[in-house]
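A short worksheet on the structure shown next.
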2 protein chains.
Amino acid sequence: MSESTTDPRDDTAKPRRRQARGERRIQQLLDAAAHVFCRTGYTSASTNAIAREAGVSPGTLYQFFPNKEAIAVELGERLNRRMTETHGTVLTPENAGLPLGELLDTVLDPMIEFNCANPVFLALIQSSDAPGQLLEEHAELHDSIQDRISELIGLRNPDLSPERRTHTTTMTFALFKAGLTLILGHEGTEREAYAAELKTALYGYLAPVLGTEAVGTRP
Amino acid sequence: MSESTTDPRDDTAKPRRRQARGERRIQQLLDAAAHVFCRTGYTSASTNAIAREAGVSPGTLYQFFPNKEAIAVELGERLNRRMTETHGTVLTPENAGLPLGELLDTVLDPMIEFNCANPVFLALIQSSDAPGQLLEEHAELHDSIQDRISELIGLRNPDLSPERRTHTTTMTFALFKAGLTLILGHEGTEREAYAAELKTALYGYLAPVLGTEAVGTRP
DNA sequence: GAGAAACGCGAGCGATCGCTCGTGTTTACC
DNA sequence: GGTAAACACGAGCGATCGCTCGCGTTTCTC
């Protein structure tokens with residue numbers, strides 16, 4: 001059980017020094033995996049197919065990823081990181097005071113844009129038979145987004161009971177995901193129409209709870 | 001190529017006379033398949049697992065179904081038939097005149113109840129890597145439900161442009177499915193809370209388009 | 001330029017899955 | 001009771017999939 005590596009760093013016990021070529025290959029493989037996952041979902045996607053899509057051999061793929069799950073996990077992590085940036089800059093307490101219509105535009109537009117540019121994100125989330133670690137990743141992101149939404153809702157309507165706030169938050173996010181699926185399922189004008197329709201729906205749902213006008217959030 | 005069967009009926013060219021025992025086995029196998037599909041989705045469900053869950057051997061399973069897809073298709077057909085009955089008795093022109101709140105109760109309650117009693121229905125619909133014939137089935141049901149919803153919307157608001165009507169219909173159904181997923185993901189009091197929340201959401205979305213009051217639909 | 005390590009290949013291993021087949025049992029029909 | 005068909009079994013076949021391994025190539029380091 002001697003872990004006698006050259007130990008330049010043993011924080012992860014994997015002292016593999018990547019070359020620039022390797023980093024490029026990893027990106028190629030993740031891009032290929034994104035395509036294949038989008039096409040067939042996680043379970044039905046074969047590692048050989050991912051390697052073929054990336055134009056490399058199966059052996060090369062396993063030079064960079066220990067197993068199939070790790071590919072999805074790494075892809076998920078990168079997407080989560082970028083998605084977290086997006087919702088972090090937009091689901092802020094400062095925006096809570098905006099008129100509801102503007103608030104929805106401000107929040108939804110970047111989220112929708114990100115998902116249109118990265119359709120594999122939704123595909124991975126909706127793949128029901130995903131492995132354990134991927135589900136944990138999603139749960140984390142899910143919770144962090146819902147916490148932000150819940151915070152916004154709480155700021156706009158402090159009189160809401162915790163239960164109602166939770167339900168409103170969860171339903172809001174679920175409706176958003178449904179609208180997103182519809183948006184990604186169309187293109188061009190239709191896509192924009194459904195984006196507008198989603199905003200209308202959320203507006204109609206949230207207006208009675210949060211009010212439509214600008215709200216001062218100072219103590 | 002001589003199809004010289006005993007031809008009591010050659011409408012499907014499959015003159016297999018089932019015994020009562022066989023019909024019972026089929027039901028057992030479909031129930032088992034429902035459980036396994038619910039647990040792991042279509043692709044990850046193995047026919048051996050279905051047979052085991054039903055308490056029979058793999059060979060027995062294939063006495064009644066030519067392949068794995070046929071199991072899902074038959075299960076889907078039976079569920080579609082019952083779901084069609086449900087929405088057929090509820091998505092009627094007569095109900096179009098009800099006040100919006102009552103309309104939503106009348107339509108949603110039976111649909112929700114059916115899906116709570118048959119969670120495999122949603123599981124099959126949401127399994128993204130389903131085989132072709134199953135997708136066709138779903139598309140048929142999907143279209144027939146949307147046609148009914150579209151009809152109701154058209155009756156309540158004849159001034160809506162065809163495009164807006166389509167978008168409203170599609171979004172309404174998508175929001176319903178999202179709420180349904182949330183409802184099936186909870187139990188007891190929470191489940192009822194999300195059912196109420198879904199109605200609130202649809203009310204908020206549809207009220208500005210359809211109006212809230214009772215509407216006379218006579219020419 | 002020599003050695004080491006990272007990169008790259010692809011045949012193929014072991015496991016799993018959908019499905020078959022030979023054989024034995026139960027049921028329907030005369 | 002006898003016959004044919006339906007039902008039931010379970011070992012195992014062929015295909016596929018995740019993944020490995022041996023070996024050759026490129027890149028880094030000195």
Side-chain angles (χ1 to χ4, degrees), chain A residues 4-9 14-30 32-33 36-37 39-74 127 129-134, chain B residues 4-9 14-30 32-33 36-37 39-74 127 129-134:
Chain A
S4 67
T5 60
T6 48
D7 71 320
R9 22 177 146 137
K14 273 229 169 184
R16 186 66 165 271
R17 291 182 50 218
R18 303 249 89 107
Q19 302 177 355
R21 185 174 33 148
E23 297 289 350
R24 249 181 288 127
R25 275 270 177 271
I26 289 179
Q27 194 56 54
Q28 265 179 45
L29 285 163
L30 289 177
V36 178
F37 286 151
R39 212 185 306 136
T40 63
Y42 174 80
T43 309
S44 298
S46 85
T47 54
N48 286 14
I50 294 174
R52 202 181 318 122
E53 175 95 15
V56 303
S57 79
T60 297
L61 187 152
Y62 283 93
Q63 198 113 74
F64 301 102
F65 299 99
N67 52 51
K68 178 178 170 181
E69 175 171 0
I71 305 171
V73 167
E74 176 65 27
S127 71
D129 44 7
Q133 204 178 335
L134 197 60
Chain B
S4 67
T5 61
T6 48
D7 73 318
R9 25 176 145 140
K14 272 229 168 184
R16 185 66 166 272
R17 291 182 50 219
R18 301 249 91 105
Q19 301 177 353
R21 187 175 29 150
E23 296 290 350
R24 250 181 289 128
R25 275 270 177 271
I26 290 178
Q27 193 57 53
Q28 265 178 44
L29 285 164
L30 290 177
V36 178
F37 286 152
R39 211 184 307 137
T40 62
Y42 173 81
T43 308
S44 298
S46 85
T47 55
N48 288 13
I50 295 174
R52 203 180 317 120
E53 174 98 14
V56 303
S57 79
T60 298
L61 186 152
Y62 283 93
Q63 198 111 71
F64 301 103
F65 300 97
N67 52 50
K68 179 178 169 180
E69 175 171 1
I71 305 172
V73 168
E74 175 65 28
S127 72
D129 44 7
Q133 204 178 334
L134 197 59

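Note on naming: letters A, B, ... go to the chains in the order of the sequence lines (proteins, then strands), and numbering restarts at 1 for each one.
Mapping B:Q19 and B:T43 onto DNA chain C by nearest heavy atom places B:T43 closer to the 5' end of the strand. For the pair A:Q63 and B:T60, both in contact range of DNA chain C, the more 5′-proximal nearest nucleotide belongs to A:Q63. Take the nearest nucleotide of DNA chain D for A:A45 and for B:R18: the residue whose nucleotide is more 5' is B:R18.
Counting non-hydrogen atoms under 4.0 angstrom, B:N67 reaches the backbone sugars and phosphates but no base. A:G59 comes within 4.0 angstrom of a nucleotide base, judged by non-hydrogen atoms across all strands. Across all strands shown, A:A51 has no heavy atoms under 4.0 Å from either base or sugar-phosphate atoms.
Nearest nucleotide to the side chain of A:V56, out of C:dC9, D:dC19, C:dC7: C:dC9. Checking C:dT26, D:dC19, D:dC9 against the side-chain heavy atoms of B:R21 singles out C:dT26 as nearest.
Rounded to whole Å, the distance from CD on B:Q28 to C1' on D:dC9 is 15 Å. Look at CD on A:E23: it is 16 Å from P on D:dT27, rounded to the nearest Å. Atom CG in A:N48 sits about 12 Å away from atom C1' in C:dA11, given to the nearest Å. As rounded to whole Å, 19 Å separates atom P of C:dC17 from atom CD of B:E69. Atom CZ in A:R17 sits about 10 Å away from atom P in D:dC28, given to the nearest Å. Rounding to whole angstrom units, NZ of residue B:K68 and C1' of C:dC17 are separated by 8 Å. In this structure, the CZ atom of B:R52 is 14 Å from the C1' atom of C:dG18, given to the nearest Å.
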Step-by-step side chain to side chain contact (heavy atoms under 4.5 Å, CB included) determination, A:L29 to A:L61: CA-CA 7 Å; A:L29 285 163; A:L61 187 152; 4.1 Å; yes

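Side-chain contact, A:R25 with A:Q28: a donor N or O sits under 3.5 Å from an acceptor N or O.
Other residues, nucleotides and ligands contribute more than 12 heavy atoms inside 6.0 Å of the CD atom of A:Q27.
Between A:D129 and B:T40, the shortest heavy-atom distance links the atoms CB-O, 3.8 Å.
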